[in-house]
Q: 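Please see the structure below; I have some questions.
Numbered from 1 within each chain, the chains take letters A, B, ... in sequence-line order. Please read all numbers here as calculations on a predicted model, not as lab measurements. As a basis for the values below, the full set of heavy atoms in this structure was taken, side chains included, without hydrogen atoms, waters or symmetry mates.
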Number of protein chains: 2
Amino acid sequence: MSQTPSPSGRIDIAALETLRLVHALGSFTAAAEKLDVNQSAVSYTIAKLRSYFQDPLFVREGGQQVATERCEHILQQVTEILQKLDDVAQPEKFDPAQSRSKVTIACNYYERILMIPKIVSELRRQAPGLEVEVVNALGDGHLRLLRREADVLIGPFARSQSGFHSRRLYTEHYACFMDPGHPMAGRALDVERYLQLNHLYINYGGSWKSAYVTELEAAGHTLRPTIAVPSPAGLASLLSGSNLVATMPIRLGKTMDGLVLNPCPFQGHFDLSVVWTAHKNASAVHRWLREVIVETCRG
Amino acid sequence: MSQTPSPSGRIDIAALETLRLVHALGSFTAAAEKLDVNQSAVSYTIAKLRSYFQDPLFVREGGQQVATERCEHILQQVTEILQKLDDVAQPEKFDPAQSRSKVTIACNYYERILMIPKIVSELRRQAPGLEVEVVNALGDGHLRLLRREADVLIGPFARSQSGFHSRRLYTEHYACFMDPGHPMAGRALDVERYLQLNHLYINYGGSWKSAYVTELEAAGHTLRPTIAVPSPAGLASLLSGSNLVATMPIRLGKTMDGLVLNPCPFQGHFDLSVVWTAHKNASAVHRWLREVIVETCRG
DNA sequence: TATATCACATCAAATAATTTGATGGGATTG
DNA sequence: CAATCCCATCAAATTATTTGATGTGATATA
């Protein structure tokens, strides 16, 4: 009957809708009116489908266009296809209250102590069914994002690299923390005195240079730590009753009982941020997650 | 980012294939090569999809084009969609040996006696799993086809009307059948003698005028039946030992034991055909069914 | 830190597909 | 038989897609 106008594969969604409409109305002309196109456009579309499916699809039987068996079968599948496409074309919706998704947050000690508890509590409040995992960012949290080991990264990881987005939460500064019985406790520290202290140095596993150290080195000084530890964990008990002094982020030090804060001459500063990858940028779940983090942690 | 080039709905199968390919290869350029099109064609297609799904779909992350969450989800559905379309686009295949379909054949007494047994036996031989139903064609078998009460119609129903197809099986003629003890048994019948016989007339429910009657009336004669019956069923016992004579299709009369055949001066003729509707024309099952019928019954 | 390279976006021109409006033929209705 | 209805088909007009050239941003190389 009909010659092949196109080889195949150029069937579009609209064509399938037309097929459905023609079937429903039993008429090309009626379908054309409903679609607000010319009758011959419908004729053309059906001709295309006929060639694609290698079947007449509709045949005239006593005034009505009746679907062939094959057409009925095709329509059954096409209906499912259109349904699937409809579903998937809907902009993604996310209802925290109903969600059973899982989110993974990468961060390090500082954030785990100071931010995670508040964040997790808020996440659980809004989304009781949500599964939350917190992983160690360790060396390079960015890699974990790229490897999809985490959805977001919280930390001082401002990297404006292609493929990453970030949002600043707040700025943090350093201060010295020591036992209340320390000779210098509560006394102002000038550069000389600061450098002569018995420093407990936190090297954070070596992958992070604290801002105060940068500042100190920029001023031409070198810090000679008495003890170096990899993380602030258990720091309070190391400092208690000792003559050691640790320079660390103010908010972190303040969580440790039994220590006093001394402003220090090199206090540096760094920004805490949420970082995520471009591929999560548009996702409704992750947009919500980031919003919760920002709301919970800023200021 | 991208402005809406098309409102929506103009997504074709090729575009979805492109989406899949880009995802698989992680590169527009590579996909373009594989599809044997220009890179900017892929770019254009993805832009169209981006606008349709309202999502970037692919974002650059460290040199690689990475799929967004949404894209992964879409792809999952799209894969199923393409699979479905692939299946449905395959020209329908039909293996009688495996088939569990059902076919319905409409016909009347003549065909049920002479043809159905052979047809059914052949159908069962080729397709043991096939369900076969035989229904009475009665008045107008064509209506049963249109109402989808039967898949094919076998009988003398040659109607070359729109929406119907048919294939001739063979031509049938009439003869007289009577008891072997009948005075005229075995003797030639001229018009006068034929008309004076005690006719047992089969009226087939009134919806069918036998060809010999047409011939007879065309010659200006009128048949005055002694008895009229609606169907040839049980005819043999009605004729046996009586002086009745029935004019009926030769092949049908020959199936009846204890009757002798006399050629009659009005023998008319009619064609036995398979008839079906246009909407079944392309179906593999029905093509096969019709083929079996034709092979079994012709000659 | 500059420079080459790679990959995608974008633009205008060329090409291909679709839609339109007109017309014709087959089938149904009165 | 005439009037209609409905789909197929054709050429022209309109749109969409593809191409080839070029731009831009990011990565890799020197």
Side-chain angles (χ1 to χ4, degrees), chain A residues 1-15 17-18 21-23 25-52 56-67 142 146 159-164 277-278, chain B residues 1-15 17-18 21-23 25-52 56-67 142 146 159-164 277-278:
Chain A
M1 290 291 125
S2 56
Q3 286 311 297
T4 332
S6 64
S8 90
R10 306 233 59 87
I11 298 300
D12 63 23
I13 307 313
E17 302 269 21
T18 301
L21 205 51
V22 168
H23 179 254
L25 301 175
S27 152
F28 288 26
T29 309
E33 277 170 20
K34 205 140 207 163
L35 288 167
D36 200 34
V37 294
N38 195 299
Q39 167 265 315
S40 74
V42 172
S43 205
Y44 177 84
T45 300
I46 299 293
K48 205 172 56 171
L49 289 164
R50 280 171 169 165
S51 137
Y52 180 72
L57 302 176
F58 298 99
V59 292
R60 238 194 155 97
E61 267 174 27
Q64 273 274 292
Q65 288 294 118
V66 178
H142 293 271
L146 289 181
R159 186 192 290 193
S160 62
Q161 193 179 126
S162 120
F164 292 101
T277 48
Chain B
M1 289 292 125
S2 57
Q3 284 313 295
T4 330
S6 63
S8 89
R10 305 234 60 86
I11 297 302
D12 63 24
I13 309 310
E17 301 270 20
T18 301
L21 205 51
V22 168
H23 180 252
L25 301 174
S27 152
F28 289 25
T29 309
E33 277 170 19
K34 204 141 207 163
L35 289 168
D36 200 33
V37 293
N38 193 299
Q39 168 265 314
S40 75
V42 172
S43 207
Y44 177 83
T45 301
I46 298 293
K48 207 172 54 172
L49 289 164
R50 280 172 169 167
S51 137
Y52 180 71
L57 301 175
F58 297 98
V59 291
R60 236 193 159 96
E61 268 175 25
Q64 274 274 290
Q65 288 293 119
V66 178
H142 293 272
L146 288 181
R159 186 192 289 193
S160 62
Q161 193 179 123
S162 120
F164 292 101
T277 47

Q: Please report the distance, rounded to the nearest Å, between OH in A/Y44 and P in C/dT20.
A: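 It works out to 13 Å between those atoms.
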Q: Under the side chain to side chain contact (heavy atoms under 4.5 Å, CB included) rule, collect the residues that match up with A/L146, sequence neighbours excluded.
A: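 With neighbours one apart ignored, the set is A/F164, A/T277, B/E61.
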Q: Rounded off to whole Å, could you give me the CG-to-P distance for the B/D12 and C/dT18 pair?
A: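 Spelled out: CG on B/D12 to P on C/dT18 is 9 Å.
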Q: Closest approach to the side chain of B/S43, judged atom by atom: which nucleotide of C/dC8, D/dA8, D/dT18 is it?
A: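 Selected nucleotide: C/dC8.
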Q: Touch check for B/S40, heavy atoms < 4.0 angstrom, all strands: base, sugar-phosphate only, or nothing?
A: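 Result for B/S40 = base.
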Q: Nearest to the B/V37 side chain among C/dT18, D/dT19, C/dT20, which nucleotide is it?
A: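 Closest nucleotide to the B/V37 side chain: D/dT19.
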Q: Report the distance from atom CD1 of B/I11 to atom C1' of D/dT17, rounded to the nearest whole Å.
A: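 B/I11 atom CD1 is separated from D/dT17 atom C1' by 13 Å.
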Q: Whole angstrom is fine here: how far is it from CZ in A/F28 over to P in D/dC6?
A: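 Result: 12 Å.
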Q: Nearest to the side chain of B/T29, which nucleotide is it out of D/dC7, C/dA9, C/dC8?
A: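 So the nucleotide nearest the side chain must be C/dC8.
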Q: Can you list the residues that meet the salt bridge (Lys or Arg N to Asp or Glu O under 4.0 Å) rule with B/E33, with sequence neighbours excluded?
A: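 Counting only residues at least two positions away or on another chain, B/E33 forms no salt bridge (Lys or Arg N to Asp or Glu O under 4.0 Å).
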Q: Please write out each protein N/O paired with an N/O of nucleotides 22-26 of chain D under 3.5 Å, distance rounded to 0.1 Å.
A:
none

Q: Please report the closest heavy-atom contact between A/A31 and A/V42, naming both atoms and the distance.
A: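 It is C-CG2, 4.4 Å.
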Q: Step by step, would you call A/F58 with A/H23 a side chain to side chain contact (heavy atoms under 4.5 Å, CB included)?
A: CA-CA 8 Å; A/F58 298 99; A/H23 179 254; 4.0 Å; yes
